[in-house]
Structures are given as structure tokens and as C-alpha cells.
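Atoms within each ligand, like the ligands themselves, are counted from 1 in listed order. No hydrogens, no waters, no symmetry mates; every other heavy atom, side chains included, goes into these values.
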Amino acid sequence: MLNCIPQKLNSYMQRVYINKISDFVDKDVTIKGWLYNIRSSGKLMFPEIRDGSGIIQGVVAKSTVPESVWEDFSKLTQESSIIVKGKVSKHPKKENVFELQINDLEIISLAEPYPITPKEHGVEFLMDRRHLWLRTPRQVAILRIRNEIIQSIRDYMYINGFILFDAPIFTPNACEGTTTLFATEYFDLGKAYLSQSGQLYAEAGALALGKVYTLGPTFRAENSMTRKHITEFWMMEPEMAYYDIDDNMDLIEDFLEYVVSRVLKNCAVELQTLGRDVSKLEKVKKPFPRITYDEAVEILRKKDIPLIRKTESGEEQIRPFPWGEDFGAPHEEAIVEDFEKPVMVHRWPAEAKSFYMKRDPKNPDIALGVDVLAPEGFGEIIGGSQREDSLAELEKRIKEHKLPFDDFQWYLDLRRFGSVPHSGFGLGIERMVTWICNLEHIREAIPFPRRPNRIKP
Ligand code: 4AD
Ligand code: MG
């Protein structure tokens with residue numbers, strides 16, 4: 001709450017945060033932070049101070065500060081923690097840039113030689129020092145945007161009458177296929193699995209509360225080292241009773257438009273730090289294109305994008321793209337290429353999708369699923385569907401998928417007692433952050449990424 005209390009403009013040497021500094025021009029303030037960098041030119045020093053909310057350049061003049069302050073500044077090392085006092089001034093040349101004319105310094109802790117300098121470092125070097133890498137302006141900007149994305153999701157859901165419904169993380173059964181489960185011993189009860197998705201529980205929630213959402217960590221033991229996969233990721237999953245697949249898509253586009261507009265409104269500085277082309281994000285306004293899987297395959301065939309299958313001798317290219325296959329990165333890129341908004345691909349081959357999706361009443365080979373592909377080639381950010389609401393059909397599916405029938409009895413109860421048409425979707429938070437921040441790789445979208453080859457720090 002501290003940040004929400006209006007900072008009194010007149011109190012002497014008040015502690016302020018750098019991102020609020022424009023309110024304090026010509027005022028004396030205190031900043032508590034760390035030294036990011038320092039330059040000196042003879043009788044002037046220019047320390048760059050960061051406090052987590054931003055970076056400000058200070059000006060220290062040898063002629064005006066006490067000698068001890070000048071000497072202390074000469075001693076400072078990168079990332080030393082410091083408290084500085086001074087008067088806020090407008091930058092002489094740059095609009096909306098402020099400086100601090102420093103007159104006092106207190107050193108809280110002199111840092112040892114810092115391993116991460118403003119020069120370029122290799123990714124693995126930085127990943128090994130992720131706990132320190134997080135302090136750099138780019139990482140700070142990404143994490144502030146992640147915060148805005150999650151906050152705007154919570155606000156959207158709250159304003160629109162969704163109830164937060166926390167799903168368990170220890171689960172007895174799979175939601176998204178048995179090949180990507182992380183198992184752990186669970187007392188005398190045998191194996192428990194880390195949740196791949198809160199969806200099955202959210203369905204129970206929707207039938208109790210109408211409209212719910214889960215937001216929490218989910219786990220996939222996918223041994224793939226792509227730019228889009230981590231083994232522990234955060235997912236937001238709304239689930240709504242009496243929603244069909246079209247209602248689901250209406251919600252998706254309204255929701256995504258809201259979240260993107262909130263980031264544009266509240267994170268302009270952070271987007272600028274990242275060099276993000278915001279004109280691309282400004283185009284994310286509903287309606288979004290809705291194309292069927294069949295139409296997406298048509299696009300791939302017209303563009304002659306083959307399916308690439310790994311074989312023992314290398315790779316095999318299959319043309320034209322065969323109906324029924326899931327899309328990989330080159331396909332997702334080709335499908336969205338001619339659109340400037342997220343593309344909703346709906347009505348998928350049932351074979352390629354999960355057991356719980358309802359079949360299209362017009363064609364039993366088709367599942368009422370929808371994937372949302374982000375523009376600019378960022379790939380799938382959302383997977384969702386209308387759920388199978390018939391007890392008999394769902395029993396059949398669970399057997400076909402060779403899932404443990406007994407463990408799913410509670411889930412089948414949802415079809416036994418007051419079954420209704422219902423739908424929902426899952427948004428991968430890190431995929432969303434990767435797209436909004438225009439990141440090369442998902443590993444920067446979460447504070448401490450977990451990948452098959454990395455569990456530290
Ligand atoms: O498409 P998925 O597997 O769908 C589900 O889990 C459904 N149960 C959701 C639902 O309908 N409630 O995953 C949903 C999203 C993907 O679109 C992607 O954004 C993200 O979760 N995701 C991952 N993100 C990072 N790393 C991974 N390994 C991911 N796997 C899925
Ligand atoms: Mg998916």
C-alpha cells in the first residue's frame with residue numbers, strides 16, 4: 001500500500017521513487033537505491049542510480065558538495081547500496097527526463113566487484129547469475145510488464161464477475177496427456193503429479209460458481225529446448241458454465257484487447273526501454289480473425305509450407321501439409337503473417353487435441369477447440385475449447401485415451417449431476433509476456449525460468 005499513499009509534495013527531503021520523480025521538480029528529495037553506473041569528468045560526477053522503479057542520473061559537483069561526499073562517490077562500486085539526497089531538476093535538453101543535483105550520500109553497503117557489467121555477456125553466464133541479472137533495466141522493464149499483465153487479468157476477471165478459484169498443484173491424474181507429467185511420491189497414496197493445468201478443477205468451479213478462473217503455476221515435463229517452452233509456467237484459466245465455443249471466442253478477444261490496452265496505458269516507459277514497436281500492439285482491437293483449422297491448412301498449402309517430420313536419417317518434408325497434424329513454429333508464423341491481430345484457429349481435428357473437448361455436432365472428427373496465435377510470429381498463447389458435456393461420450397474418450405478410469409470418476413460426476421454446456425481456455429502468462437515485450441526467448445519472461453537443463457539458481 002505504501003506506493004499508493006500520495007507523496008506529500010512539500011515535506012523536506014522526502015523519500016521518493018524514481019518513476020514518480022516528475023512530481024518533485026525543484027524539490028529536495030531522498031532516493032534509496034543502488035549505483036548502476038558512474039561517469040566522471042574532472043570536477044563533475046554523474047552517478048546513475050536505480051531504485052527498482054527506474055533510473056535517474058545524478059550530478060555531483062566537486063565545488064558544491066562536502067569533500068567527504070565527493071570522496072565517498074569516488075569509492076563507489078557498481079551495485080553499492082546508497083541513499084542520496086538532492087534537488088530534482090529537468091534535463092537541460094531532453095523532454096521528460098529528470099536529474100538529481102546531489103548534495104549528500106550515505107553508503108549502506110559497498111558492493112564487491114560486480115560480475116555483470118553494462119557490456120555484453122553470454123546468455124548462460126547471465127542465466128547462472130539470474131538473481132543479479134534481474135537488476136538490469138531490461139529485466140526490470142520485462143518484470144514490471146509481467147506485473148501489469150497479471151494485474152490487468154485479475155482486474156478484468158473481477159470486473160466481469162469471475163470468481164478466483166485456486167486449483168491444486170498435487171493431482172492424481174493427467175489433464176494434458178500422460179507424456180508430460182512430473183511425478184512425485186505422495187506418502188502412502190502412491191504417485192502424485194504436478195498439475196499440467198487447473199482446468200478439470202476449474203470445471204467443478206464453474207458448475208459451483210458460474211464463472212471462475214485459476215491463476216497459478218503449471219508443469220510440463222517437456223524435454224524440448226525451444227524458445228517457447230519452460231517446464232514450470234504460469235497459466236490463467238477461465239471456465240464458464242453455459243458458454244459455447246463462440247461465447248468462448250467472444251470472451252477471448254474482449255479479454256486480450258483489455259490486457260494489451262492496459263499495458264500500453266501503464267507501461268509506456270517499460271515498452272520504450274525494451275524498444276517495443278507499440279504501433280503493432282495498438283492494432284490489437286477486436287474483432288480478431290476467426291479461421292477454422294481447415295482454412296489454416298489451406299493457407300499452409302497455398303504458401304507451400306511442408307510438415308517436417310524427424311526420421312532416423314534426418315528430416316522428411318511432407319507436402320502438401322497433411323490434414324490432422326498439429327502446427328509447429330513455421331506453420332504458426334505462416335498462418336498469422338497476413339494478419340495484424342491475434343488469430344483464433346478453431347475446430348480442430350479431434351485426434352490432435354485433448355480428451356475433454358466436445359466434438360462438433362456436425363462432424364465427429366472435429367473437436368470444438370480454439371487456439372489463439374499471437375501476431376508477429378509469437379505462436380500459440382491460448383488453448384481452449386468447449387468441453388464434452390455428455391457422460392457417455394466422455395467415458396468413451398477416457399477409455400480411448402487409456403486414462404485411469406477410477407481417478408476420473410469425480411470429473412465424470414460433473415456430467416452426472418447437472419451437466420451443462422461449458423467452455424474455457426488457458427493463457428500462458430510467459431507466452432503473453434514474450435509477445436508483448438517482443439522477447440527472443442521465453443526464459444526472460446519469468447524471474448527464475450525452469451528448463452530441462454536448468455534448475456538453478
Ligand atoms: O494448450 P494448452 O496445453 O491447454 C491447456 O492446458 C488447457 N487445459 C487450457 C484450458 O482450456 N483451460 O496450454 C495452454 C497454454 C498454451 O497456449 C501456452 O500459452 C501455455 O499454456 N503453455 C506453455 N507455456 C510455456 N511453456 C510450456 N511448456 C507451455 N505449455 C503450454
Ligand atoms: Mg495448446
Inset, instruction - Mark yes when over 12 heavy atoms from residues, nucleotides or ligands other than Y158 sit less than 6.0 Å from its OH; otherwise mark no. - result: no
Inset, instruction - Kindly confirm or rule out a cation-pi arrangement of R130 over W133, judged by NZ or CZ under 6.0 Å from the six-membered ring centre and within 45° of its axis? - result: yes
Inset, instruction - Establish, for the pair K399 and F405, whether the NZ or CZ atom is under 6.0 angstrom from the six-membered ring centre and no further than 45 degrees off its axis. - result: yes
Can you produce the list of protein nitrogen or oxygen atoms under 3.5 Å from a nitrogen or oxygen of ligand 1, alongside each distance?
| residue | atom | partner | partner atom | Å |
| --- | --- | --- | --- | --- |
| ligand 1 | 1 (O) | E380 | OE2 | 3.0 |
| ligand 1 | 3 (O) | R220 | NH1 | 2.9 |
| ligand 1 | 3 (O) | R220 | NH2 | 3.2 |
| ligand 1 | 6 (O) | E176 | OE2 | 3.4 |
| ligand 1 | 6 (O) | R220 | NH2 | 2.9 |
| ligand 1 | 8 (N) | E176 | OE2 | 2.7 |
| ligand 1 | 8 (N) | S197 | OG | 2.9 |
| ligand 1 | 8 (N) | Q199 | OE1 | 2.7 |
| ligand 1 | 8 (N) | Y356 | OH | 3.3 |
| ligand 1 | 11 (O) | Q199 | OE1 | 3.4 |
| ligand 1 | 11 (O) | G383 | O | 3.4 |
| ligand 1 | 11 (O) | R387 | NH1 | 3.2 |
| ligand 1 | 11 (O) | R387 | NH2 | 2.9 |
| ligand 1 | 12 (N) | E237 | OE1 | 2.7 |
| ligand 1 | 12 (N) | R387 | NH2 | 3.4 |
| ligand 1 | 12 (N) | F425 | O | 3.4 |
| ligand 1 | 17 (O) | E380 | OE2 | 2.6 |
| ligand 1 | 17 (O) | I381 | O | 3.4 |
| ligand 1 | 17 (O) | I382 | N | 3.4 |
| ligand 1 | 17 (O) | G383 | N | 3.4 |
| ligand 1 | 19 (O) | I381 | O | 2.8 |
| ligand 1 | 19 (O) | G428 | N | 3.3 |
| ligand 1 | 26 (N) | I230 | N | 3.2 |
| ligand 1 | 26 (N) | I230 | O | 3.4 |
| ligand 1 | 28 (N) | E222 | OE1 | 2.9 |
| ligand 1 | 28 (N) | I230 | O | 3.0 |

Legend entry - Protein N/O/S count near the Mg ion (ligand 2) (criterion: distance under 2.8 Å): 1
Inset, instruction - Give a yes or no on this: more than 12 heavy atoms of other residues, nucleotides or ligands lie within 6.0 Å of atom CZ of R227. - result: no
Inset, instruction - Please name all residues satisfying ring-ring contact (aromatic ring centres under 6.0 Å, His included) with F408, sequence neighbours left out, ordered by chain then number. - result: F355
Inset, instruction - With sequence neighbours excluded, give me every ring-ring contact (aromatic ring centres under 6.0 Å, His included) pair touching residues 261-299. - result: Y293-W323, Y293-F327, Y293-W348
Legend entry - I169/L194 under side chain to side chain contact (heavy atoms under 4.5 Å, CB included): CA gap, chis, key distance, verdict: CA-CA 5 Å; I169 290 185; L194 299 186; 4.2 Å; yes
Inset, instruction - Identify the residue among E316, E325, R319, Q317 that makes a side-chain contact (heavy atoms from CB on, under 4.5 Å) with L307. - result: E325
Inset, instruction - Name the orientation class of the two ring planes belonging to Y258 and Y156 (parallel below 30°, tilted from 30 to 60°, perpendicular beyond 60°). - result: tilted
